[in-house]
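Inspection log for the structure reproduced underneath, given as structure tokens.
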Amino acid sequence: MYQDIVELISSREFDRAEEMLGEKTEAGGWCDEAYILAATIYIETGRSDQAYEMISQGLRFNYRNYELYLLLGNYYEEININQAWLCYENAEFYCNNDEDRETIRQFRFCAEQDGNWNVKKTAVVIPSYDQAELTKQCIKSIRENNIESSYEIVIVDNHSTDGITEWLKDQKDIRLICNTENKGFPYACNQGIKAAGPESDILLLNNDTIVTPNAIFWLRMGLYSEGKTGAVGSVTNQAGNNQRIEEEFGTTEEYLQFAEKNNIPMKNPYEKKIYLIGFALLLKREALDEIGLLDVRFTPGCYEDNDLGIRLHLAGYGIYLCHNSFIYHYGHGNEKNTGIWDRVMPQNKDKLKDKWKFDMRYYTFVRIDLLELIEQKFDEKISVLEIGCGLGSTLAKIEYLWPKAEVKGIELVDQLVRIGSNYLDIIQGNAETMEMPYEPESFDYIILGDVLEHLYDPVGLLKRIMPYLKKDGFILCSIPNIMHMSVIMSLLKGKFEYRDSGILDRTHLRFFTLESIVKMLEESGLGLNHIAGIFQDTEEKPELERILDLNIPGLAAEKQFQIFQYIIKAEKTKR
């Protein structure tokens with residue numbers, strides 16, 4: 001059907017080939033060969049972006065098409081020789097034609113002659129503790145979806161008693177370490193890392209996962225996207241740290257079908273992260289050699305991956321979430337461990353805080369509620385300044401969602417800046433007193449998420465930053481509501497007790513109601529563009545309702561007692 005187009009391409013009559021291909025796809029639709037020919041035409045005529053799009057669409061149509069991976073390798077030849085080589089390796093994995101396989105190997109060989117080529121094998125390190133069927137399923141998924149020469153499997157069994165150890169001993173392609181007691185996740189990972197090939201990159205993988213087609217391939221593509229990338233991780237159906245996909249399905253099979261369409265080329269697949277969940281975490285060997293192994297103080301597990309992220313950033317390495325790598329995660333843990341994690345998580349959270357002298361969870365919260373107030377489309381340019389940006393998680397999310405965004409941050413705590421400035425433009429300073437290093441009218445948005453209540457002079461700060469806001473720019477902020485029923489009812493009982501977080505956070509210097517928020521904005525030369533409340537009912541609600549029934553003159557509306565926090569979008573007052 002397409003032989004005439006092939007001949008036109010061979011004779012370099014690309015315009016006529018493209019015209020004829022368009023006629024045929026319009027009449028009969030797209031197929032594997034049509035995508036291959038379209039990508040070839042675009043590559044040959046120097047239209048790399050269009051070629052990439054055709055390859056992406058073709059792999060969505062058929063993710064097993066080895067010729068498209070070969071073309072993807074051709075695309076990357078001029079960009080990144082390591083990624084090109086990985087594409088050729090994946091093409092060889094899917095290839096079912098001996099003659100074509102030899103051609104692909106020649107491409108791999110040529111890439112290896114490049115002085116910048118340095119791709120390592122991946123050692124998949126899996127701590128195992130019972131869950132025999134899930135462990136078998138996990139190992140099977142690795143074997144089925146990756147070329148054998150690209151990986152090695154290291155299992156560290158933490159004294160399983162369900163027969164999985166005997167099965168593992170019979171597997172010829174597995175390096176097995178058997179512990180006589182449950183050593184926990186960090187210790188077992190370290191054992192596996194030490195047992196792996198000394199040059200292999202390390203994929204820490206939970207045994208309750210299914211490695212989907214191309215998931216590890218795209219992780220490796222992310223790991224070798226640039227030289228200082230130290231770690232990459234997958235998206236999944238069950239995880240924290242904003243690594244969970246938005247889609248929800250009812251069955252495992254539906255998630256696996258999702259993976260086939262998700263694990264394809266994406267123009268913007270990488271999201272900067274402070275850390276990644278250790279259920280599927282690929283680490284570059286040279287980075288791991290520099291920063292050291294997992295910290296076993298976090299045994300049996302939890303927060304060792306947070307700690308790893310901090311150390312990687314302090315050493316200058318990048319960490320990325322790969323949105324085009326989905327790995328299925330059962331995530332329910334082992335029945336023998338029921339209740340353990342409820343006890344361990346707060347303990348290890350405190351251990352992390354003691355080690356680094358700050359509460360990581362407090363400074364890594366992504367303010368999606370504020371980002372929803374940004375008006376620009378995702379393909380538009382925006383400039384954003386965040387004051388009190390913590391470790392920069394919200395700014396990193398903006399960079400991912402708006403790839404053309406320019407983001408900057410100011411953070412008071414020096415230790416946070418040391419970490420966050422590794423991957424974002426974050427400077428240390430007190431926004432109330434520092435000299436701002438920005439040009440007037442630089443920003444479309446200035447974000448103050450839970451910041452104004454910590455200041456000596458909130459109005460003064462708003463006036464200070466106003467010159468740096470564009471004429472049609474916006475201030476986005478969140479402010480806790482001191483009128484919330486939990487505070488009012490405590491006051492009526494004679495109590496006003498500070499806490500580690502929340503409305504009565506012990507670090508708060510100012511308190512606000514809806515009326516005082518509006519007044520503060522007006523004094524600063526700002527007007528409300530949008531205001532919303534985050535509602536939170538508490539056990540005090542019945543008592544509050546009885547008070548509201550007293551019909552006290554001038555009493556505020558009931559909803560003002562139910563709002564925990566106000567979300568605000570303000571703009572310069574037109575004068």
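All of these numbers come straight from a predicted model, not from anything done at the bench.
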Quiz prompt | Polar side chain donor-acceptor pair, E89 to S150, under 3.5 angstrom | solution = no
Quiz item: Would I398 and I447 count as a side-chain contact (heavy atoms from CB on, under 4.5 Å) if you check the C-alpha gap in whole Å, the side-chain angles of each, and the deciding distance to 0.1 Å?
Solution: CA-CA 11 Å; I398 292 172; I447 297 176; 3.9 Å; yes
Exercise. Step by step, work out the side-chain contact (heavy atoms from CB on, under 4.5 Å) result for I193 and L294.
Key: CA-CA 10 Å; I193 293 168; L294 279 66; 4.2 Å; yes
Practice problem: Give the ring-plane orientation class for Y94 versus Y63, where under 30° counts as parallel, over 60° as perpendicular and anything between as tilted. | Solution: perpendicular
Exercise. Using a cut-off of 6.0 Å, state whether more than 12 heavy atoms not belonging to K272 lie near its atom NZ.
Key: yes
Quiz prompt | Heavy-atom neighbours of E199 CD exceed 12 at 6.0 Å | solution = no
Self-check item: CZ/R143: more than 12 non-hydrogen atoms of other groups inside 6.0 Å
Solution: yes
Quiz item: Looking at L281, N422, L312, which hits side-chain contact (heavy atoms from CB on, under 4.5 Å) with I319?
Solution: L312
Quiz item: Where is the tightest heavy-atom contact between S200 and A123, given as atom of each residue plus distance?
Solution: CB-CB, 3.8 Å
Quiz item: Are the side chains of E144 and K140 in touch, meaning some heavy atoms are under 4.5 Å apart?
Solution: yes
Exercise. Give the C-alpha distance, both sets of side-chain angles, the deciding distance and a yes or no for side-chain contact (heavy atoms from CB on, under 4.5 Å) between I55 and L59.
Key: CA-CA 6 Å; I55 293 168; L59 290 174; 4.0 Å; yes
Quiz item: Do other residues, nucleotides or ligands put more than 12 heavy atoms under 6.0 Å from the CZ atom of F109?
Solution: no
Quiz item: Are any side-chain N or O atoms of N262 and backbone N or O atoms of F258, one a donor and one an acceptor, separated by less than 3.5 Å?
Solution: no
Self-check item: Distance in Å, C138 SG paired with N207 CG, rounded so as to fall on 0.5 Å steps
Solution: 6.5 Å
Self-check item: Residue pair P300 / P186: nearest heavy atoms and the distance that separates them
Solution: O-CD, 3.3 Å
Quiz item: Between E226 and Y320, is any side-chain donor less than 3.5 angstrom from a side-chain acceptor?
Solution: yes
Quiz item: Should R101 and E99 be marked as a salt bridge (Lys or Arg N to Asp or Glu O under 4.0 Å) after you check the CA-CA gap, both sets of side-chain angles, and the distance that decides it?
Solution: CA-CA 5 Å; R101 187 180 295 112; E99 185 176 343; over 6 Å; no
Quiz prompt | Neighbour count >12 (heavy atoms, 6.0 Å) for atom CD, E78 | solution = no
Quiz item: What is the minimum heavy-atom distance between E304 and F185, and which atoms define it?
Solution: OE2-CD2, 3.3 Å
Practice problem: Inspect the surroundings of NZ in K228 and state if more than 12 heavy atoms from other residues, nucleotides or ligands are less than 6.0 Å away. | Solution: yes
Self-check item: Polar contact flag, side-chain donor to acceptor under 3.5 angstrom, E77-Y88
Solution: yes
Quiz item: side-chain contact (heavy atoms from CB on, under 4.5 Å) with I202: which of L282, L293, T122, L288?
Solution: L288
Self-check item: Any side-chain donor near an acceptor of the partner, Q415 and R418, under 3.5 Å
Solution: yes
Self-check item: Plane angle bin for H323 and Y400 - parallel if under 30°, tilted between 30 and 60°, otherwise perpendicular
Solution: parallel
Quiz item: How are the rings of Y328 and Y255 set relative to one another: parallel (under 30°), tilted (30 to 60°) or perpendicular (over 60°)?
Solution: tilted
Exercise. Starting at CG of N82, measure out to CG of D114 and round the result to the nearest 0.5 Å.
Key: 8.0 Å
Self-check item: E148, CD: over 12 other non-hydrogen atoms inside 6.0 angstrom
Solution: no
Quiz item: Any sub-3.5 Å donor-acceptor pair from R175's side-chain atoms to A195's backbone N or O?
Solution: yes
Quiz item: Given side chains that start at C-beta, do those of F217 and L86 come closer than 4.5 Å, heavy atoms only?
Solution: yes
Practice problem: Looking only at non-hydrogen atoms, find the nearest pair between A188 and V156 and report the distance. | Solution: O-CG2, 3.3 Å
Quiz item: What do you reckon, is NZ of K267 surrounded by more than 12 foreign heavy atoms closer than 6.0 Å?
Solution: yes
Quiz item: Is there a side-chain contact between R311 and W356 (heavy atoms, below 4.5 Å)?
Solution: yes
Quiz item: How about Y363 and E411: does a side-chain donor come under 3.5 Å of a side-chain acceptor?
Solution: no
Quiz prompt | Any residue meeting side chain to side chain donor-acceptor pair (under 3.5 Å) with K355, in chain and number order, not counting sequence neighbours | solution = D295, D307
Self-check item: Min side-chain heavy-atom separation Q243-F279 under 4.5 Å
Solution: yes
Quiz item: To the nearest 0.5 Å, what is the distance between CG (L308) and CD1 (I291)?
Solution: 4.5 Å
Self-check item: Side-chain donor-acceptor pair present, Q137, Y330, cut-off under 3.5 Å
Solution: yes
Quiz prompt | Spacing of I155 atom CD1 and L176 atom CG [to the nearest 0.5 Å] | solution = 7.5 Å
Quiz item: Sequence neighbours excluded, which residues qualify as side-chain contact (heavy atoms from CB on, under 4.5 Å) partners of F365?
Solution: R367
Quiz item: Please walk me through it: do Y303 and Q347 pass side-chain contact (heavy atoms from CB on, under 4.5 Å)?
Solution: CA-CA 10 Å; Y303 290 98; Q347 292 176 350; over 6 Å; no
Practice problem: State the CD1-OG distance between I264 and S325, to the nearest 0.5 angstrom. | Solution: 13.0 Å
Practice problem: Flag the pair R108 / W85 as yes when at least one side-chain heavy-atom distance between them is below 4.5 Å, and no otherwise. | Solution: yes
Practice problem: Measure from the side-chain N and O atoms of T364 to the backbone N and O of S393, and report whether any donor-acceptor pair falls under 3.5 Å. | Solution: no
Self-check item: Considering all heavy atoms, the nearest N80-Y224 contact
Solution: ND2-O, 2.8 Å
Exercise. Establish, yes or no, whether a centroid distance under 6.0 Å links the rings of Y52 and Y75.
Key: yes
Quiz item: Looking only at atom types and distance, does a side-chain atom of W218 sit under 3.5 Å from a main-chain N or O of N263, one as donor and one as acceptor?
Solution: yes
Quiz item: For N179, does its backbone N or O pair with a side-chain atom of N158 as donor and acceptor, under 3.5 Å?
Solution: no
Quiz item: Checking N348 side chain against F298 main chain: does a donor-acceptor pair fall under 3.5 Å?
Solution: yes
Practice problem: Identify the heavy atoms of C95 and D100 that sit nearest to each other, and give their distance. | Solution: SG-CB, 3.8 Å
Quiz item: Between the side chain of Q83 and the main-chain N/O of M221, is any donor-acceptor distance below 3.5 Å?
Solution: yes
Quiz item: Just by distance, do the side chain of D425 and the backbone of K408 share a donor-acceptor pair under 3.5 Å?
Solution: no
Quiz prompt | By ring pair (Phe, Tyr, Trp, His ring centres under 6.0 Å) - contacts of Y42 (at least two apart) | solution = none
Quiz item: With no hydrogens and no angle check, is any side-chain donor or acceptor of K120 less than 3.5 Å from a backbone partner on R285?
Solution: no
Exercise. Apply salt bridge (Lys or Arg N to Asp or Glu O under 4.0 Å) to K169 and E166, showing your working.
Key: CA-CA 5 Å; K169 289 178 180 177; E166 288 68 29; 5.2 Å; no
Quiz item: Nearest 0.5 Å, what's the CG-CG distance between N241 and L321?
Solution: 8.0 Å
Quiz item: Do K273 side-chain atoms and E271 backbone N/O form a donor-acceptor pair below 3.5 Å?
Solution: no
